[in-house]
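To start, the structure under review is shown below, and the notes come after it.
No experiment lies behind these values; they were computed from the predicted model shown. Per chain, numbering begins at 1; letters A, B, ... match sequence-line order.
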2 protein chains.
Amino acid sequence: MEQPSRLAGTVRPGGRTARVRAAVLEATQDELVERGFHGLTMDQVAVRAGVGKTTVYRRWGSPAGLVVDLMTELADQSVPHADTGALEGDLLANALSVLEALHDGRLGPTLQAMIAAATCDEQAAQGLRAFYSRRIQEWAGAVDLAVKRGELPEGTDGAEVIRAISAPLYYRLVVSREPVTREDAERSVARTLAAARAGAFVSPG
Amino acid sequence: MEQPSRLAGTVRPGGRTARVRAAVLEATQDELVERGFHGLTMDQVAVRAGVGKTTVYRRWGSPAGLVVDLMTELADQSVPHADTGALEGDLLANALSVLEALHDGRLGPTLQAMIAAATCDEQAAQGLRAFYSRRIQEWAGAVDLAVKRGELPEGTDGAEVIRAISAPLYYRLVVSREPVTREDAERSVARTLAAARAGAFVSPG
DNA sequence: CCCCTAATGGGACTGAAGTTCCGTTAAGAT
DNA sequence: ATCTTAACGGAACTTCAGTCCCATTAGGGG
């Protein structure tokens, strides 16, 4: 299992190479939606993309490699955090954006696949960690602003607050495997906010 | 892929059949520790258990089937919740028992495998849900006692409190894939307790 | 516009996962 | 103790993921 060359490392990133990559990532996402990560085969992706299977093996190496590349693509489309002026609104916007992603017909299966890939491939795990750490850093900014406005105690750890908002949603998705609803998102915000106001997210302790 | 017969459904659950099952589940757990879920093959389990591979396919059907059976075995060994007399001690005991399980040389890889299996197999997903719902119901009792003692507001949802304790730990394990420490467990208890005391876990809202 | 070669593509090959067939073993009833 | 048959096991067979080899195509510099 040779480590595949990322597109960034290619010597000729021009026309055909870029077209092949686009077709393969497109086909990968379609396959994820229809069959999930466990049903993702290099062979079928190659056929669907109209590309030689040798090429898919050479450049991506494994199903996990495909998912990792898809992840980097999605990470580049990351959105700036909301700024509604009040913390509760910002946090709710964050929770709802997670919720929306999970329920999206294409993004949902892709996110599930990213998590599944991470459970069985170290490279995918790193990619997933990078994906979320970027997202969390971005939204932590909204909490920092709230601290400056005096809505939360000085020293509150913004990244931890954002993690705390998502944690129950992913817990339902991955562990208890119950449907994740808007009520869950609202409850998560309310509980996290209650703990944060009580100073439970102040850095040292 | 024929659905395998559970041991419960066998007509002759006596000596040999039970020995085969024990040997196979033992081998499965060993393989999970050494190779993880993605490296679990029916063939290797059969060899390691000293059992015909036909038998493994017939009774368990797939790697996910093996993990599911292991899960039911572990669920039967579930422990009653702590009762230290104070809620914080009970919740900490819960968080630490999760932590301990995750770090255990045999249980840790098995739990990870259960989650990985659930991401790609509906039967495994149901098994995992059953496993945790049983655990959560058990520990929710500790919260109910605390409500009776007046430590938390009337109407506090015990099961949700227990879920909230575990959620950040599993979030680290599965999503952000950072090491889970005792500090994480303590923080999770402190934050959940702060939210619960503020009434954020009272049922309707 | 032409050339060099990076990158792709077809097709044969390899090995392991999964299936099938049928003979053998032993649980449990009488 | 004997018999019935559920359950196990060995081995050949099938399928398909993954690899290798080499011919073909098309960027992109000159």
Side-chain angles (χ1 to χ4, degrees), chain A residues 1-28 31-32 35-69 116-117 120-121 123, chain B residues 1-28 31-32 34-69 117 120-121 123:
Chain A
M1 188 116 25
E2 182 75 20
Q3 198 57 269
S5 58
R6 286 281 324 289
L7 186 67
T10 57
V11 177
R12 290 179 180 176
R16 184 167 63 164
T17 297
R19 275 197 304 279
V20 166
R21 179 171 183 246
V24 167
L25 293 188
E26 178 82 14
T28 298
E31 286 289 307
L32 286 179
R35 309 189 193 289
F37 177 68
H38 67 292
L40 187 69
T41 75
M42 306 296 272
D43 228 312
Q44 188 53 34
V45 167
V47 170
R48 186 162 200 155
V51 152
K53 93 169 177 175
T54 313
T55 299
V56 180
Y57 274 106
R58 199 172 16 231
R59 285 185 54 191
W60 289 277
S62 67
L66 286 169
V67 172
V68 169
D69 201 13
C120 68
D121 183 280
Q123 185 195 3
Chain B
M1 186 128 7
E2 181 75 22
Q3 199 55 270
S5 57
R6 288 279 325 291
L7 185 68
T10 56
V11 178
R12 288 180 182 176
R16 184 167 63 164
T17 297
R19 275 197 304 279
V20 166
R21 179 173 183 246
V24 167
L25 292 188
E26 178 81 13
T28 298
E31 285 290 307
L32 286 179
E34 290 179 19
R35 309 191 192 289
F37 176 68
H38 69 290
L40 187 68
T41 75
M42 305 297 271
D43 228 312
Q44 189 52 34
V45 167
V47 170
R48 186 162 201 155
V51 153
K53 90 170 176 172
T54 313
T55 299
V56 179
Y57 275 106
R58 197 169 20 228
R59 285 186 55 191
W60 290 276
S62 68
L66 287 169
V67 173
V68 168
D69 201 14
C120 69
D121 182 283
Q123 185 196 3

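- The minimum heavy-atom distance between B:Ala27 and B:Val45, with the atom names listed, is CB-O, 3.8 Å.
- Atoms CZ (B:Arg58) and C1' (C:dC21) sit 11 Å apart, rounded to a whole Å.
- Computed from coordinates, the B:Asp43 CG to D:dC16 P distance equals 18 Å when rounded to whole Å.
- Atom CZ in A:Arg16 sits about 5 Å away from atom C1' in D:dA26, given to the nearest Å.
- At its two ends the helix from C:dC1-D:dG30 to C:dT30-D:dA1 runs along axes set 40° apart, each axis drawn from five pairs and the angle rounded to 10°.
- When each of D:dG18, C:dT8, D:dC8 is scored by its nearest atom to the side-chain atoms of B:Thr17, the top-ranked nucleotide is D:dC8.
- Closest-nucleotide positions on DNA chain D for B:Thr54 and A:Met42 were compared, and the one nearer the 5' end corresponds to B:Thr54.
- When rounded to the nearest whole Å, the span between CD of A:Gln44 and P of D:dG18 equals 13 Å.
- Distances were taken from every side-chain heavy atom of A:Tyr57 (C-beta onward) to each of D:dA17, C:dA17, C:dT8; the shortest belongs to D:dA17.
- Put simply, CH2 on A:Trp60 is 12 Å from P on C:dA7, counting in whole angstrom units.
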**OP:** Assess whether side-chain contact (heavy atoms from CB on, under 4.5 Å) is satisfied between A:Gln44 and A:Thr41, documenting all intermediate values.
**Re:** CA-CA 5 Å; A:Gln44 188 53 34; A:Thr41 75; 3.2 Å; yes

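- Rounded to whole Å, the distance from NZ on B:Lys53 to P on D:dC13 is 14 Å.
- In this structure, A:Leu66 CG and A:Leu40 CG are separated by 6.0 Å, a value rounded to the nearest 0.5 Å.
- One finds no salt bridge joining A:Glu26 and A:Arg21 here, because no Lys/Arg side-chain nitrogen approaches an Asp/Glu carboxylate oxygen to under 4.0 Å.
- A pairwise comparison of heavy atoms in A:His38 and B:Cys120 identifies CB-CB, 3.3 Å as the closest pair.
- Residue B:Ala23 comes nearest to B:Ala49 through the heavy atom pair O-CB, 3.5 Å, listed as atom of the first residue, atom of the second, then distance.
- Here D:dC16 presents its C1' atom at 15 Å from CG of A:Leu40, a figure rounded to the nearest Å.
- Nearest heavy atoms, A:Phe37 versus A:Ala116: CD2-CB, 3.9 Å.
- Per the geometry, CZ belonging to B:Arg19 stands 15 Å off C1' belonging to D:dG9, to the nearest Å.
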